[in-house]
Amino acid sequence: GVEVGPQPQGVLRADILDKMRKIVKHGLDFVQLFNEGKEFPPCTIEAFKIMEKVDYPRDKDDEVIAIIHPKLQDQDWQPLNNGDPLFLSLDGRVIAYKGDCTVYPTFINEAAYYEKKQAFVKTVKLKLSAKHIRSSVS
């Protein structure tokens, strides 16, 4: 599957549809070239591994008591370091990220995840390497 976004629920956006078409076309082009026997050289790419789903801060009655900090909003895939603003409490207090490594949050403050108690997902950046590949079918 391919998920391209962000795109609000019930909204059709031409720019997002165009991105989806391009990525599907690239995937199909790769499959065609692979099936034709093209050899692809070794490569290294950056990828993100999901580490943890993070909920909004809540009180003893399970009510949300803080929102995403404005400096984090719309910063999907950007580095988040120890001490960076994470949440803003309803009384104006900044809640900073406390972590021992840089993470890359994504799905930040997406409406579809509110009911799942998910403010964002913490990911870490990895480098993946692949050897050359070629179809063994002639």
Side-chain angles (χ1 to χ4, degrees):
V2 175
E3 181 177 343
V4 182
Q7 180 166 296
Q9 297 166 312
V11 175
L12 299 174
R13 289 184 45 171
D15 61 330
I16 301 297
L17 179 61
D18 184 55
K19 287 178 183 179
M20 184 273 308
R21 284 182 172 149
K22 285 178 181 172
I23 193 67
V24 169
K25 182 183 180 318
H26 286 303
L28 293 172
D29 289 346
F30 171 83
V31 170
Q32 181 175 348
L33 291 170
F34 180 79
N35 288 341
E36 291 172 354
K38 176 172 175 58
E39 183 171 341
F40 292 87
C43 67
T44 300
I45 63 166
E46 288 184 343
F48 295 87
K49 179 180 179 183
I50 293 175
M51 301 305 291
E52 176 185 7
K53 294 176 182 177
V54 178
D55 191 8
Y56 295 89
R58 295 176 182 272
D59 65 15
K60 62 179 174 48
D61 297 321
D62 205 33
E63 296 294 325
V64 172
I65 59 169
I67 59 176
I68 294 294
H69 192 280
K71 289 186 177 178
L72 181 60
Q73 184 64 51
D74 301 321
Q75 296 301 306
D76 293 75
W77 311 112
Q78 299 304 307
L80 181 67
N81 298 296
N82 188 45
D84 287 347
L86 192 58
F87 295 105
L88 185 62
S89 72
L90 299 180
D91 62 4
R93 185 174 45 91
V94 173
I95 301 170
Y97 170 62
K98 295 178 184 167
D100 55 1
C101 68
T102 299
V103 295
Y104 297 82
T106 189
F107 304 115
I108 300 169
N109 202 28
E110 288 200 16
Y113 297 111
Y114 277 117
E115 65 189 31
K116 296 178 181 177
K117 296 185 175 183
Q118 181 178 311
F120 63 93
V121 173
K122 281 197 302 189
T123 70
V124 292
K125 190 186 294 191
L126 306 171
K127 287 196 181 229
L128 301 177
S129 295
K131 297 178 181 178
H132 73 280
I133 60 170
R134 172 184 271 167
S135 174
S136 60
V137 179
S138 299

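Heavy atoms only: backbone and side chains are in, while hydrogens, waters and symmetry mates are out.
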Does [X] belong to the same Ile/Leu/Val/Met/Phe/Trp/Tyr cluster as [Y], with side-chain heavy atoms less than 4.5 Å apart forming each link?
X    : Y    : result
I95  : V121 : no
L17  : V24  : yes
F107 : M51  : no
I16  : V11  : no

Open item on the list: Check for me whether K38 meets the cation-pi criterion with F40, that is, NZ or CZ under 6.0 Å from the six-membered ring centre and within 45 degrees of the ring axis.
Closed with: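 Because its charged atom sits under 6.0 Å from the ring centre and within 45° of the axis, K38 does stack over F40.
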Task: Side-chain ion pair, K19 and D15, N-O less than 4.0 Å - done: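 So K19 does not pair with D15 through a salt bridge.
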Open item on the list: I'd like to know if the side chain of N81 and the backbone of T102 have a donor-acceptor N/O pair within less than 3.5 Å.
Closed with: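 No; judged by distance alone, with no hydrogens or angles, the pair does not exist.
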Open item on the list: So does Y104 get a backbone contact from the side chain of T123, meaning a donor-acceptor N/O pair under 3.5 Å?
Closed with: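 The answer is yes, because a donor-acceptor pair under 3.5 Å joins these two groups.
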Open item on the list: Suppose the criterion is salt bridge (charged side-chain N to carboxylate O under 4.0 Å, His left out): which pairs have a residue in residues 78-106, not counting sequence neighbours?
Closed with: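 Sorted result for residues 78-106: empty, none.
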Show me the donor-acceptor pairs, under 3.5 Å and distance only, between side chains in residues 63-73 and residues at least two apart or in other chains.
unit_1 : atom_1 : unit_2 : atom_2 : d
H69    : ND1    : K71    : N      : 3.0
Q73    : OE1    : N109   : ND2    : 2.9

- [ ] Grab the two heavy atoms, one from Q75 and one from I108, that are nearest each other, plus how far apart they are.
- [x]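 Nearest heavy atoms, Q75 then I108: C-CD1, 3.7 Å.
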TODO: Using ring-ring contact (aromatic ring centres under 6.0 Å, His included) as the criterion, list what pairs up with F87, not counting sequence neighbours.
DONE: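 Testing F87 for ring-ring contact (aromatic ring centres under 6.0 Å, His included), a comparison that skips the adjacent residues, returns none.
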Task: Residues forming a ring-ring contact (aromatic ring centres under 6.0 Å, His included) with Y97, sequence neighbours excluded - done: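 So Y97 forms no ring-ring contact (aromatic ring centres under 6.0 Å, His included) with any residue.
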Task: Listed partners of R21 passing side-chain hydrogen bond (donor to acceptor under 3.5 Å, both in side chains), at least two apart - done: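 With sequence neighbours excluded, R21 shows a side-chain hydrogen bond (donor to acceptor under 3.5 Å, both in side chains) to no residue whatsoever.
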Working to the nearest 0.5 Å, report the span between [atom1] of [X] and [atom2] of [Y].
X    : Y   : atom1 : atom2 : result
Q118 : Y56 : CD    : OH    : 8.5 Å
K117 : R58 : NZ    : CZ    : 5.0 Å
F34  : E39 : CZ    : CD    : 11.0 Å
D18  : I23 : CG    : CD1   : 12.0 Å
R13  : M20 : CZ    : CE    : 14.0 Å
F120 : E52 : CZ    : CD    : 8.0 Å

- [ ] Begin from the C-alpha positions of L88 and V94 and carry the test side-chain contact (heavy atoms from CB on, under 4.5 Å) through to its verdict.
- [x] CA-CA 5 Å; L88 185 62; V94 173; 4.1 Å; yes
- [ ] Sort and list the pairs that fulfil side chain to side chain donor-acceptor pair (under 3.5 Å) and have at least one residue in residues 124-133, not counting sequence neighbours.
- [x]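 Only T44-S129 qualify under side chain to side chain donor-acceptor pair (under 3.5 Å).
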Open item on the list: Can you confirm whether more than 12 heavy atoms, excluding those of E115, are under 6.0 Å from its CD atom?
Closed with: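 Not buried by this count: 12 neighbours or fewer within 6.0 Å.
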- [ ] Look at atom CG of L12 and say whether more than 12 heavy atoms of other residues, nucleotides or ligands are closer to it than 6.0 Å.
- [x]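 Not more than 12 within 6.0 Å, no.
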